[in-house]
Amino acid sequence: MMTQRKQYSADFKARVALEALKGYKTVNELASTYSVHPTQITKWKQHLQSELPQIFSTRRQKREHEHEDLQAQLYQQIGQLKVELDWLKKKSGLIN
């Protein structure tokens, strides 16, 4: 008979990993408190430590991405207006 694996929510994982990161209790104490294997808590803690720097850098990356999108849109508009201006000059007879 198959046993189903426990599924933990992201909030639960974050809470346990943050407590492990703080270091007020040992991993074994946290494991008995939350009924989770100590190895799993250690993995969640390592994952939290590796992902923390990205949390603070995403805002900057998002702003740079928006700036690049705006710049590309403006260059496209400049190109379109230049083509229209050349077409109008040709039709009005200013360019032979």
Side-chain angles (χ1 to χ4, degrees):
M1 192 162 155
M2 292 180 53
T3 58
Q4 193 168 11
R5 298 176 108 188
K6 285 187 178 180
Q7 299 289 322
Y8 299 105
S9 69
D11 293 334
F12 178 77
K13 291 177 184 179
R15 187 170 2 115
V16 174
L18 191 58
E19 281 193 42
L21 192 62
K22 288 179 183 177
Y24 296 136
K25 293 183 178 179
T26 65
V27 174
N28 288 330
E29 290 173 338
L30 291 172
S32 65
T33 303
Y34 292 108
S35 301
V36 179
H37 198 277
T39 306
Q40 189 65 55
I41 294 175
T42 304
K43 287 181 182 179
W44 291 344
K45 179 182 171 185
Q46 290 171 350
H47 185 70
L48 178 66
Q49 287 175 325
S50 67
E51 296 294 323
L52 275 176
Q54 294 176 0
I55 292 171
F56 297 106
S57 67
T58 56
R59 188 180 316 149
R60 183 174 180 202
Q61 290 174 351
K62 182 179 177 185
R63 200 173 353 169
E64 289 175 357
H65 184 67
E66 289 174 353
H67 177 72
E68 290 173 1
D69 288 345
L70 176 63
Q71 188 177 15
Q73 185 182 19
L74 291 175
Y75 278 129
Q76 181 182 4
Q77 190 175 11
I78 289 170
Q80 182 181 355
L81 290 173
K82 186 172 181 177
V83 168
E84 289 176 3
L85 180 64
D86 290 341
W87 183 80
L88 288 172
K89 283 181 181 178
K90 184 177 179 182
K91 287 295 182 182
S92 66
L94 294 175
I95 299 177
N96 293 332

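Along the sequence shown, the residues carry numbers beginning at 1. Model, not experiment: these values are computed from the prediction.
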How many angstroms lie between [atom1] in [X] and [atom2] in [Y], if you round to the nearest 0.5 Å?
{"X": "H37", "Y": "K6", "atom1": "NE2", "atom2": "NZ", "value": "11.5 Å"}
{"X": "D69", "Y": "H65", "atom1": "CG", "atom2": "NE2", "value": "4.0 Å"}
{"X": "L70", "Y": "Y75", "atom1": "CG", "atom2": "OH", "value": "11.0 Å"}
{"X": "L81", "Y": "Q76", "atom1": "CG", "atom2": "CD", "value": "10.5 Å"}

Return yes when atom [atom1] of [X] has more than 12 non-hydrogen atoms of other residues, nucleotides or ligands closer than 6.0 Å, and no otherwise.
{"X": "E64", "atom1": "CD", "answer": "yes"}
{"X": "E66", "atom1": "CD", "answer": "yes"}
{"X": "Q73", "atom1": "CD", "answer": "no"}

Solution key, residues 16-30 side-chain donor-acceptor pairs under 3.5 Å, sequence neighbours excluded:
unit_1: E19; atom_1: OE2; unit_2: Y34; atom_2: OH; d: 2.4
unit_1: T26; atom_1: OG1; unit_2: E29; atom_2: N; d: 3.2
unit_1: E29; atom_1: OE1; unit_2: T26; atom_2: N; d: 3.0

Considering all heavy atoms, the nearest Q40-V36 contact: CB-CG1, 3.8 Å
Show your working on side chain to side chain contact (heavy atoms under 4.5 Å, CB included) between D86 and K90 and close with a plain yes or no. CA-CA 6 Å; D86 290 341; K90 184 177 179 182; over 6 Å; no
